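Structure first, then comments.
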Amino acid sequence: MGLFSNFMKSLRGKLGGYFGFQSRSAPFDREAWYHDTFRATVDAIASHGAKGRFQAVVLNEDGRIKKVLRNDKMARLLNEKPNEIMTGTEFKYRMIANLETKTTAVAYIAWDGSVPRAVYPVDYTSYEFKKVIGGGYAIEFIDYEGETRALPLECCIIMRKFYNDRLASGDGNQPIYKVLDMSKASDDGFVESLNVSNKVRGLVKQKRAMLDPEDVKKSQDAFAERMKKAAQEGGIVAVDSMEDFMPLGITPNAANAAQMREINNRIYTYLRTSERIVQNTYSEQEGMSWMEGKIEPIWNMFAEAVSAVYFTKHEVECGNKIIMTHPIVTGMSVNSIVQILNVTKETGELTKNERRELLGYSPVEDGDTSQISLNFVESDNQNNYQNGGEENEGKEDNGESAEPAKQNG
(Lines give C-alpha, C1' and ligand atoms only; values in the text may rest on other atoms or scores of the structure.)
Protein backbone atom coordinates (compact mmCIF):
# COMPACT_ATOMS: atom_id res chain seq x y z
CA MET A 1 0.00 0.00 0.00
CA GLY A 2 3.03 2.30 0.28
CA LEU A 3 2.89 2.83 -3.47
CA PHE A 4 0.15 5.44 -3.04
CA SER A 5 -0.17 5.92 0.72
CA ASN A 6 0.72 9.63 0.68
CA PHE A 7 -2.23 10.43 -1.55
CA MET A 8 -4.59 8.48 0.67
CA LYS A 9 -3.40 10.23 3.81
CA SER A 10 -4.02 13.65 2.27
CA LEU A 11 -7.54 12.65 1.23
CA ARG A 12 -8.61 11.37 4.65
CA GLY A 13 -8.75 14.86 6.15
CA LYS A 14 -11.48 15.87 3.68
CA LEU A 15 -13.93 13.09 4.46
CA GLY A 16 -17.41 13.99 5.58
CA GLY A 17 -20.47 12.00 6.63
CA TYR A 18 -21.66 8.53 5.75
CA PHE A 19 -23.12 7.74 2.37
CA GLY A 20 -26.42 5.90 2.25
CA PHE A 21 -27.68 2.99 4.35
CA GLN A 22 -25.58 -0.07 5.18
CA SER A 23 -22.58 1.47 3.47
CA ARG A 24 -20.05 -0.80 5.18
CA SER A 25 -18.52 -3.87 3.58
CA ALA A 26 -19.18 -7.42 4.72
CA PRO A 27 -16.73 -8.76 7.37
CA PHE A 28 -13.72 -10.69 6.10
CA ASP A 29 -11.44 -12.91 8.18
CA ARG A 30 -9.48 -14.93 5.55
CA GLU A 31 -10.81 -18.21 6.96
CA ALA A 32 -12.02 -19.54 3.63
CA TRP A 33 -8.72 -18.85 1.84
CA TYR A 34 -6.85 -21.10 4.27
CA HIS A 35 -9.03 -24.15 3.59
CA ASP A 36 -7.43 -26.50 1.06
CA THR A 37 -10.51 -27.38 -1.02
CA PHE A 38 -11.81 -23.81 -1.03
CA ARG A 39 -8.41 -22.44 -2.07
CA ALA A 40 -7.92 -25.07 -4.80
CA THR A 41 -11.33 -24.21 -6.23
CA VAL A 42 -10.68 -20.46 -6.15
CA ASP A 43 -7.30 -21.10 -7.79
CA ALA A 44 -9.02 -22.92 -10.66
CA ILE A 45 -11.50 -20.05 -11.10
CA ALA A 46 -8.86 -17.31 -10.93
CA SER A 47 -6.37 -19.17 -13.16
CA HIS A 48 -8.92 -19.66 -15.94
CA GLY A 49 -10.38 -16.18 -15.44
CA ALA A 50 -6.94 -14.60 -15.75
CA LYS A 51 -6.69 -15.95 -19.30
CA GLY A 52 -9.18 -13.34 -20.47
CA ARG A 53 -7.82 -10.29 -22.27
CA PHE A 54 -9.17 -6.76 -22.10
CA GLN A 55 -9.96 -4.94 -25.31
CA ALA A 56 -11.25 -1.44 -25.97
CA VAL A 57 -13.93 -1.17 -28.66
CA VAL A 58 -16.40 1.31 -30.09
CA LEU A 59 -20.00 0.19 -30.54
CA ASN A 60 -22.48 1.39 -33.13
CA GLU A 61 -26.11 2.39 -32.49
CA ASP A 62 -27.16 -1.28 -32.46
CA GLY A 63 -24.57 -2.26 -29.86
CA ARG A 64 -22.37 -3.99 -32.44
CA ILE A 65 -18.60 -3.53 -32.51
CA LYS A 66 -17.67 -1.13 -35.31
CA LYS A 67 -14.08 -0.44 -34.28
CA VAL A 68 -11.39 -2.11 -32.17
CA LEU A 69 -8.94 0.27 -30.43
CA ARG A 70 -5.77 -1.81 -30.66
CA ASN A 71 -3.46 0.51 -28.71
CA ASP A 72 -5.77 1.61 -25.90
CA LYS A 73 -3.72 2.55 -22.83
CA MET A 74 -5.99 0.96 -20.21
CA ALA A 75 -6.33 -2.34 -22.07
CA ARG A 76 -2.56 -2.56 -22.48
CA LEU A 77 -1.99 -1.79 -18.80
CA LEU A 78 -4.38 -4.48 -17.60
CA ASN A 79 -3.14 -7.09 -20.07
CA GLU A 80 0.60 -6.52 -19.72
CA LYS A 81 1.84 -4.64 -16.62
CA PRO A 82 -0.77 -2.79 -14.55
CA ASN A 83 1.71 -1.65 -11.88
CA GLU A 84 5.34 -1.85 -10.79
CA ILE A 85 5.12 -5.29 -9.15
CA MET A 86 2.53 -7.29 -11.13
CA THR A 87 2.01 -8.75 -14.56
CA GLY A 88 -1.37 -8.56 -16.24
CA THR A 89 -2.11 -12.22 -15.49
CA GLU A 90 -1.20 -11.76 -11.81
CA PHE A 91 -3.40 -8.70 -11.49
CA LYS A 92 -6.41 -10.42 -13.05
CA TYR A 93 -5.83 -13.51 -10.88
CA ARG A 94 -5.62 -11.36 -7.74
CA MET A 95 -8.83 -9.47 -8.50
CA ILE A 96 -10.83 -12.63 -9.28
CA ALA A 97 -9.45 -14.39 -6.18
CA ASN A 98 -10.47 -11.37 -4.07
CA LEU A 99 -13.93 -11.49 -5.62
CA GLU A 100 -14.37 -15.15 -4.64
CA THR A 101 -12.88 -14.95 -1.13
CA LYS A 102 -14.20 -11.51 -0.08
CA THR A 103 -17.18 -11.25 -2.47
CA THR A 104 -15.87 -7.77 -3.33
CA ALA A 105 -12.72 -6.87 -5.27
CA VAL A 106 -11.39 -3.30 -5.40
CA ALA A 107 -8.62 -1.75 -7.51
CA TYR A 108 -7.35 1.82 -7.69
CA ILE A 109 -6.43 3.63 -10.93
CA ALA A 110 -3.58 6.15 -10.68
CA TRP A 111 -3.83 8.81 -13.38
CA ASP A 112 -1.42 11.11 -15.21
CA GLY A 113 -3.94 13.75 -16.15
CA SER A 114 -6.51 11.91 -18.26
CA VAL A 115 -4.22 8.94 -19.00
CA PRO A 116 -4.10 5.91 -16.65
CA ARG A 117 -0.59 5.36 -15.28
CA ALA A 118 -1.07 2.26 -13.12
CA VAL A 119 -3.75 0.06 -11.52
CA TYR A 120 -3.37 -1.39 -8.00
CA PRO A 121 -5.51 -4.05 -6.26
CA VAL A 122 -6.65 -2.80 -2.83
CA ASP A 123 -6.10 -5.13 0.14
CA TYR A 124 -8.59 -4.47 2.92
CA THR A 125 -10.16 -6.11 5.95
CA SER A 126 -13.19 -3.78 5.83
CA TYR A 127 -14.26 -0.55 4.17
CA GLU A 128 -17.12 1.92 3.94
CA PHE A 129 -18.29 4.63 1.58
CA LYS A 130 -18.05 8.23 2.80
CA LYS A 131 -18.97 11.56 1.32
CA VAL A 132 -16.11 13.95 0.61
CA ILE A 133 -16.44 17.57 1.72
CA GLY A 134 -16.75 19.63 -1.45
CA GLY A 135 -18.32 16.84 -3.52
CA GLY A 136 -17.84 13.24 -4.52
CA TYR A 137 -17.41 10.04 -2.52
CA ALA A 138 -14.53 8.03 -1.14
CA ILE A 139 -13.79 4.53 0.09
CA GLU A 140 -12.26 4.55 3.55
CA PHE A 141 -10.75 1.16 4.36
CA ILE A 142 -8.55 -0.67 6.86
CA ASP A 143 -5.64 -2.56 5.32
CA TYR A 144 -4.01 -5.77 6.55
CA GLU A 145 -1.63 -3.81 8.79
CA GLY A 146 -4.52 -2.08 10.56
CA GLU A 147 -3.91 1.31 8.90
CA THR A 148 -6.95 3.39 7.87
CA ARG A 149 -6.68 4.75 4.34
CA ALA A 150 -8.96 6.37 1.76
CA LEU A 151 -9.42 6.43 -2.02
CA PRO A 152 -11.70 8.49 -4.31
CA LEU A 153 -14.60 6.33 -5.42
CA GLU A 154 -14.47 7.62 -9.00
CA CYS A 155 -10.96 6.12 -9.35
CA CYS A 156 -11.86 2.66 -8.04
CA ILE A 157 -12.73 -0.46 -10.02
CA ILE A 158 -15.23 -2.45 -7.91
CA MET A 159 -16.59 -5.95 -8.54
CA ARG A 160 -19.18 -7.57 -6.25
CA LYS A 161 -20.80 -11.02 -6.01
CA PHE A 162 -23.71 -12.08 -3.79
CA TYR A 163 -24.70 -8.42 -4.08
CA ASN A 164 -28.05 -8.18 -2.31
CA ASP A 165 -28.24 -6.90 1.29
CA ARG A 166 -25.38 -4.41 1.35
CA LEU A 167 -24.93 -1.18 -0.56
CA ALA A 168 -21.13 -1.05 -0.50
CA SER A 169 -20.13 -4.66 -1.05
CA GLY A 170 -21.08 -8.26 -1.63
CA ASP A 171 -22.65 -10.04 1.33
CA GLY A 172 -19.63 -12.13 2.33
CA ASN A 173 -19.01 -15.89 2.55
CA GLN A 174 -20.55 -16.59 5.96
CA PRO A 175 -22.95 -19.29 4.59
CA ILE A 176 -20.00 -21.58 3.78
CA TYR A 177 -18.17 -21.17 7.11
CA LYS A 178 -20.12 -23.99 8.82
CA VAL A 179 -19.13 -26.37 6.06
CA LEU A 180 -15.49 -25.29 6.39
CA ASP A 181 -15.71 -25.83 10.17
CA MET A 182 -16.99 -29.38 9.62
CA SER A 183 -14.11 -30.12 7.28
CA LYS A 184 -11.58 -28.61 9.66
CA ALA A 185 -12.99 -30.55 12.64
CA SER A 186 -12.69 -33.80 10.69
CA ASP A 187 -9.09 -33.04 9.72
CA ASP A 188 -8.12 -32.03 13.27
CA GLY A 189 -9.76 -35.13 14.75
CA PHE A 190 -7.91 -37.40 12.35
CA VAL A 191 -4.54 -35.79 13.11
CA GLU A 192 -5.13 -36.02 16.87
CA SER A 193 -6.16 -39.68 16.77
CA LEU A 194 -3.20 -40.44 14.49
CA ASN A 195 -0.82 -38.90 17.02
CA VAL A 196 -2.34 -40.95 19.85
CA SER A 197 -2.21 -44.20 17.86
CA ASN A 198 1.46 -43.63 17.05
CA LYS A 199 2.44 -42.87 20.66
CA VAL A 200 0.29 -45.15 22.83
CA ARG A 201 1.40 -48.75 22.19
CA GLY A 202 -0.15 -50.69 25.07
CA LEU A 203 -0.79 -51.21 28.80
CA VAL A 204 1.61 -52.68 31.39
CA LYS A 205 -0.10 -54.45 34.27
CA GLN A 206 1.92 -54.77 37.47
CA LYS A 207 1.26 -57.92 39.49
CA ARG A 208 2.86 -56.48 42.59
CA ALA A 209 0.22 -55.57 45.17
CA MET A 210 -0.32 -52.09 46.59
CA LEU A 211 2.38 -50.28 44.63
CA ASP A 212 3.02 -46.66 45.48
CA PRO A 213 2.02 -44.28 42.60
CA GLU A 214 5.63 -43.18 42.41
CA ASP A 215 6.74 -46.77 41.97
CA VAL A 216 4.13 -47.28 39.24
CA LYS A 217 5.54 -44.31 37.38
CA LYS A 218 9.10 -45.58 37.72
CA SER A 219 8.03 -49.00 36.41
CA GLN A 220 6.20 -47.32 33.51
CA ASP A 221 9.24 -45.24 32.60
CA ALA A 222 11.48 -48.26 32.79
CA PHE A 223 9.19 -50.26 30.50
CA ALA A 224 8.96 -47.35 28.03
CA GLU A 225 12.74 -47.22 27.92
CA ARG A 226 12.84 -50.96 27.18
CA MET A 227 10.31 -50.45 24.36
CA LYS A 228 12.40 -47.66 22.88
CA LYS A 229 15.60 -49.70 23.10
CA ALA A 230 13.89 -52.73 21.55
CA ALA A 231 12.69 -50.61 18.63
CA GLN A 232 16.30 -49.53 18.03
CA GLU A 233 18.03 -52.86 18.54
CA GLY A 234 15.80 -55.65 17.32
CA GLY A 235 12.17 -55.40 18.43
CA ILE A 236 12.17 -57.84 21.38
CA VAL A 237 10.79 -56.52 24.69
CA ALA A 238 11.61 -58.45 27.86
CA VAL A 239 8.80 -58.74 30.43
CA ASP A 240 9.44 -60.20 33.89
CA SER A 241 7.04 -62.47 35.76
CA MET A 242 5.50 -59.57 37.65
CA GLU A 243 4.41 -57.69 34.48
CA ASP A 244 1.75 -58.24 31.85
CA PHE A 245 1.86 -56.21 28.60
CA MET A 246 -1.32 -55.77 26.57
CA PRO A 247 -0.88 -54.04 23.19
CA LEU A 248 -3.50 -51.49 22.13
CA GLY A 249 -4.70 -51.18 18.56
CA ILE A 250 -5.93 -47.58 18.22
CA THR A 251 -7.33 -46.80 14.78
CA PRO A 252 -7.34 -43.15 13.66
CA ASN A 253 -10.91 -41.97 13.08
CA ALA A 254 -12.21 -39.25 10.78
CA ALA A 255 -15.28 -38.54 8.70
CA ASN A 256 -15.85 -41.36 6.23
CA ALA A 257 -15.36 -40.96 2.50
CA ALA A 258 -19.04 -40.29 1.79
CA GLN A 259 -19.22 -37.58 4.46
CA MET A 260 -16.06 -35.86 3.21
CA ARG A 261 -17.32 -36.05 -0.37
CA GLU A 262 -20.54 -34.34 0.68
CA ILE A 263 -18.62 -31.63 2.53
CA ASN A 264 -16.39 -30.95 -0.48
CA ASN A 265 -19.35 -31.02 -2.87
CA ARG A 266 -21.00 -28.27 -0.84
CA ILE A 267 -17.86 -26.16 -1.28
CA TYR A 268 -17.78 -26.87 -5.04
CA THR A 269 -21.49 -26.03 -5.34
CA TYR A 270 -21.06 -22.80 -3.39
CA LEU A 271 -18.31 -21.70 -5.79
CA ARG A 272 -20.20 -23.07 -8.82
CA THR A 273 -17.22 -25.19 -9.88
CA SER A 274 -17.13 -28.98 -10.05
CA GLU A 275 -14.44 -31.29 -8.68
CA ARG A 276 -13.56 -32.34 -12.21
CA ILE A 277 -12.82 -28.71 -13.12
CA VAL A 278 -10.51 -28.35 -10.11
CA GLN A 279 -8.68 -31.57 -10.99
CA ASN A 280 -8.53 -30.81 -14.74
CA THR A 281 -10.33 -34.03 -15.65
CA TYR A 282 -13.44 -32.39 -17.14
CA SER A 283 -14.92 -33.25 -20.50
CA GLU A 284 -15.23 -30.80 -23.38
CA GLN A 285 -18.91 -30.17 -22.67
CA GLU A 286 -18.27 -29.69 -18.93
CA GLY A 287 -15.49 -27.23 -19.64
CA MET A 288 -17.55 -25.19 -22.10
CA SER A 289 -20.57 -25.13 -19.77
CA TRP A 290 -18.43 -24.00 -16.83
CA MET A 291 -16.75 -21.27 -18.88
CA GLU A 292 -20.15 -19.99 -20.00
CA GLY A 293 -21.78 -20.21 -16.58
CA LYS A 294 -18.93 -19.14 -14.28
CA ILE A 295 -16.02 -17.45 -16.07
CA GLU A 296 -17.83 -15.39 -18.72
CA PRO A 297 -20.06 -13.64 -16.13
CA ILE A 298 -16.89 -12.66 -14.23
CA TRP A 299 -15.35 -11.31 -17.44
CA ASN A 300 -18.50 -9.32 -18.16
CA MET A 301 -18.54 -7.91 -14.61
CA PHE A 302 -14.82 -7.08 -14.74
CA ALA A 303 -15.10 -5.31 -18.11
CA GLU A 304 -18.12 -3.28 -17.01
CA ALA A 305 -16.36 -2.24 -13.79
CA VAL A 306 -13.34 -1.01 -15.76
CA SER A 307 -15.50 0.78 -18.35
CA ALA A 308 -17.46 2.59 -15.63
CA VAL A 309 -14.29 4.16 -14.22
CA TYR A 310 -12.17 4.55 -17.34
CA PHE A 311 -14.56 6.26 -19.75
CA THR A 312 -16.32 9.57 -19.28
CA LYS A 313 -20.09 9.83 -19.72
CA HIS A 314 -19.58 11.38 -23.15
CA GLU A 315 -17.22 8.60 -24.24
CA VAL A 316 -19.75 5.98 -23.15
CA GLU A 317 -22.49 7.76 -25.11
CA CYS A 318 -20.20 7.65 -28.16
CA GLY A 319 -20.00 3.86 -27.86
CA ASN A 320 -16.67 3.37 -26.07
CA LYS A 321 -16.51 0.18 -24.04
CA ILE A 322 -14.05 -2.27 -22.49
CA ILE A 323 -14.73 -5.94 -23.17
CA MET A 324 -12.99 -9.11 -21.98
CA THR A 325 -12.56 -12.12 -24.23
CA HIS A 326 -10.24 -15.05 -24.80
CA PRO A 327 -8.99 -15.99 -28.28
CA ILE A 328 -8.54 -19.69 -27.53
CA VAL A 329 -11.71 -21.78 -27.17
CA THR A 330 -11.04 -22.99 -23.64
CA GLY A 331 -11.78 -26.64 -22.96
CA MET A 332 -12.58 -27.51 -26.57
CA SER A 333 -11.15 -30.69 -28.05
CA VAL A 334 -8.81 -30.76 -31.05
CA ASN A 335 -11.52 -32.34 -33.20
CA SER A 336 -13.92 -29.48 -32.41
CA ILE A 337 -11.24 -26.88 -33.15
CA VAL A 338 -10.52 -28.52 -36.51
CA GLN A 339 -14.22 -28.39 -37.32
CA ILE A 340 -14.25 -24.65 -36.57
CA LEU A 341 -11.22 -24.14 -38.82
CA ASN A 342 -12.88 -26.08 -41.67
CA VAL A 343 -16.15 -24.14 -41.39
CA THR A 344 -14.42 -20.73 -41.33
CA LYS A 345 -11.60 -21.34 -43.80
CA GLU A 346 -13.40 -19.58 -46.70
CA THR A 347 -15.50 -17.00 -44.88
CA GLY A 348 -12.80 -14.81 -43.32
CA GLU A 349 -14.01 -14.76 -39.69
CA LEU A 350 -10.52 -15.71 -38.45
CA THR A 351 -7.15 -14.27 -39.41
CA LYS A 352 -4.19 -16.51 -40.15
CA ASN A 353 -2.72 -15.86 -36.71
CA GLU A 354 -6.03 -16.55 -34.98
CA ARG A 355 -6.22 -19.88 -36.78
CA ARG A 356 -2.64 -20.70 -35.77
CA GLU A 357 -3.37 -19.74 -32.17
CA LEU A 358 -6.27 -22.19 -31.99
CA LEU A 359 -3.82 -24.94 -32.92
CA GLY A 360 -1.21 -23.77 -30.41
CA TYR A 361 1.22 -22.35 -32.98
CA SER A 362 3.04 -19.05 -32.62
CA PRO A 363 1.94 -16.04 -34.72
CA VAL A 364 3.73 -15.07 -37.94
CA GLU A 365 4.42 -11.72 -39.54
CA ASP A 366 1.61 -10.28 -41.65
CA GLY A 367 -0.72 -12.92 -40.24
CA ASP A 368 -3.33 -10.54 -38.85
CA THR A 369 -5.28 -10.08 -42.08
CA SER A 370 -8.34 -12.10 -43.03
CA GLN A 371 -8.49 -14.11 -46.24
CA ILE A 372 -11.78 -14.86 -47.93
CA SER A 373 -12.78 -17.05 -50.85
CA LEU A 374 -13.73 -15.33 -54.12
CA ASN A 375 -16.82 -17.53 -54.12
CA PHE A 376 -18.37 -15.15 -51.59
CA VAL A 377 -19.61 -11.61 -52.20
CA GLU A 378 -21.81 -9.12 -50.35
CA SER A 379 -25.49 -9.62 -51.16
CA ASP A 380 -25.88 -6.04 -52.43
CA ASN A 381 -23.19 -6.64 -55.04
CA GLN A 382 -24.04 -10.16 -56.18
CA ASN A 383 -25.66 -9.05 -59.46
CA ASN A 384 -22.61 -6.96 -60.34
CA TYR A 385 -20.41 -9.94 -59.60
CA GLN A 386 -22.47 -12.34 -61.74
CA ASN A 387 -22.69 -9.94 -64.72
CA GLY A 388 -19.15 -8.66 -64.54
CA GLY A 389 -20.36 -5.17 -63.58
CA GLU A 390 -21.35 -4.32 -67.17
CA GLU A 391 -24.83 -2.94 -66.46
CA ASN A 392 -23.59 -0.63 -63.70
CA GLU A 393 -20.40 0.55 -65.32
CA GLY A 394 -20.08 4.29 -64.87
CA LYS A 395 -22.99 4.46 -62.44
CA GLU A 396 -22.56 5.85 -58.95
CA ASP A 397 -23.04 3.29 -56.21
CA ASN A 398 -25.91 4.51 -54.00
CA GLY A 399 -26.08 1.41 -51.81
CA GLU A 400 -29.10 -0.06 -53.61
CA SER A 401 -28.93 -3.36 -55.46
CA ALA A 402 -29.12 -3.30 -59.26
CA GLU A 403 -32.09 -4.50 -61.31
CA PRO A 404 -32.12 -8.24 -62.01
CA ALA A 405 -30.30 -9.21 -65.18
CA LYS A 406 -32.50 -9.98 -68.17
CA GLN A 407 -32.62 -13.55 -69.31
CA ASN A 408 -31.94 -14.50 -72.90
CA GLY A 409 -34.88 -15.67 -74.90
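Bear in mind the structure is a predicted one, so any value in this text is a computation, not a measurement.
Proximity of I158 to I139: side-chain heavy atoms (C-beta onward) are separated by under 4.5 Å at one or more points. E147 is not listed as a side-chain neighbour of F141, based on a closest heavy-atom distance of 4.5 Å or more. Counting heavy atoms from C-beta on, the side chains of T89 and F91 never come closer than 4.5 Å. The shortest side-chain heavy-atom distance between I157 and I109 falls under the 4.5 Å cut-off. Residues F129 and Y137 form no side-chain contact, since every pair of their non-hydrogen atoms from C-beta on lies 4.5 Å or further apart.
Summarising the geometry, atom CG belonging to L78 is positioned 7.5 Å from atom CD1 belonging to I322; distances are rounded to the nearest 0.5 Å. In this structure, CE in M159 is found 7.0 Å from CE in M301, a value given to the nearest 0.5 Å. Interatomic distance, OG1 of T101 versus CD1 of I96, reported as 11.5 Å (0.5 Å rounding). For the atom pair OG1 (T125) and CG (D143), the distance works out to 7.5 Å, reported to the nearest 0.5 Å. The line from OG1 of T37 to CD1 of I267 is 5.0 Å long, rounded to the nearest 0.5 Å. Note that CD of E31 and CD of Q174 are 10.0 Å apart. Values are rounded to the nearest 0.5 Å.
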Report all side-chain donor-acceptor pairs from residues 335-342 shorter than 3.5 Å, counting only partners two or more places apart or in another chain.
| from | atom 1 | to | atom 2 | distance (Å) |
| --- | --- | --- | --- | --- |
| S336 | OG | E284 | OE1 | 3.3 |
| S336 | OG | E284 | OE2 | 2.6 |
| S336 | OG | S333 | OG | 3.2 |
| N342 | ND2 | V338 | O | 3.4 |

Return a table of donor-acceptor pairs under 3.5 angstrom between the side chains of residues 64-77 and protein atoms on other chains or two or more places apart.
| from | atom 1 | to | atom 2 | distance (Å) |
| --- | --- | --- | --- | --- |
| D72 | OD1 | Y310 | OH | 2.9 |
| D72 | OD2 | M74 | N | 3.1 |
| D72 | OD2 | A75 | N | 3.1 |
| D72 | OD2 | Y310 | OH | 3.4 |

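Side-chain contact check for T351 and R356: no donor-acceptor pair (N or O, by modelled atom type) lies under 3.5 Å.
S47 and Y93 get closest at one heavy-atom pair: OG-CE1, 3.5 Å. Minimum interatomic distance between Y120 and A110 (heavy atoms only, all atoms of both residues): CE1-CB, 4.1 Å. The minimum heavy-atom distance linking V119 with A107 is given by the pair CG1-CB, 4.0 Å.
Between the Y127 side chain and the A168 main chain, a donor and an acceptor come within less than 3.5 Å of each other. Of the possible donor and acceptor atoms, none in the side chain of D171 sits under 3.5 Å from a partner among the backbone N and O of Y163. In this structure a side-chain-to-backbone donor-acceptor pair under 3.5 Å is present from T103 to G172. Between the side chain of N265 and the backbone N or O of R261, at least one donor-acceptor pair lies under 3.5 Å. At distances below 3.5 Å, not a single donor-acceptor pair connects side-chain atoms of W299 with backbone N or O atoms of T325. Between the R39 side chain and the W33 main chain, a donor and an acceptor come within less than 3.5 Å of each other. Counting only distance, with no hydrogens or angles, the side chain of N60 and the backbone of G63 share a donor-acceptor pair below 3.5 Å.
Among residue pairs with one or both ends in residues 298-324, none qualify as salt bridge (Lys or Arg N to Asp or Glu O under 4.0 Å); sequence neighbours excluded. Within the structure, every pair that satisfies the side chain to side chain donor-acceptor pair (under 3.5 Å) test and touches residues 267-278, not counting sequence neighbours, is listed here: N173-Y270, T273-W290, E275-Q279, R276-E286. The stretch residues 90-100 participates, sequence neighbours left out, in these salt bridge (Lys or Arg N to Asp or Glu O under 4.0 Å) pairs: R94-D123, E100-K161, E100-K294.
Remark: R266 CZ is loosely packed, at most 12 non-hydrogen atoms of other residues, nucleotides or ligands lying under 6.0 Å away.
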Next on the checklist: If you apply the rule side-chain contact (heavy atoms from CB on, under 4.5 Å), what do you find for I45 with L271, and how did you get there?
Outcome noted: CA-CA 9 Å; I45 297 168; L271 294 171; 4.2 Å; yes
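A cation-pi arrangement is found for K102 relative to Y124, the charged atom lying closer than 6.0 Å to the ring centre and inside a 45° cone about the ring normal.
In this structure, the ring-ring contact (aromatic ring centres under 6.0 Å, His included) partners of F54, at least two apart in sequence or on a different chain, are F302.
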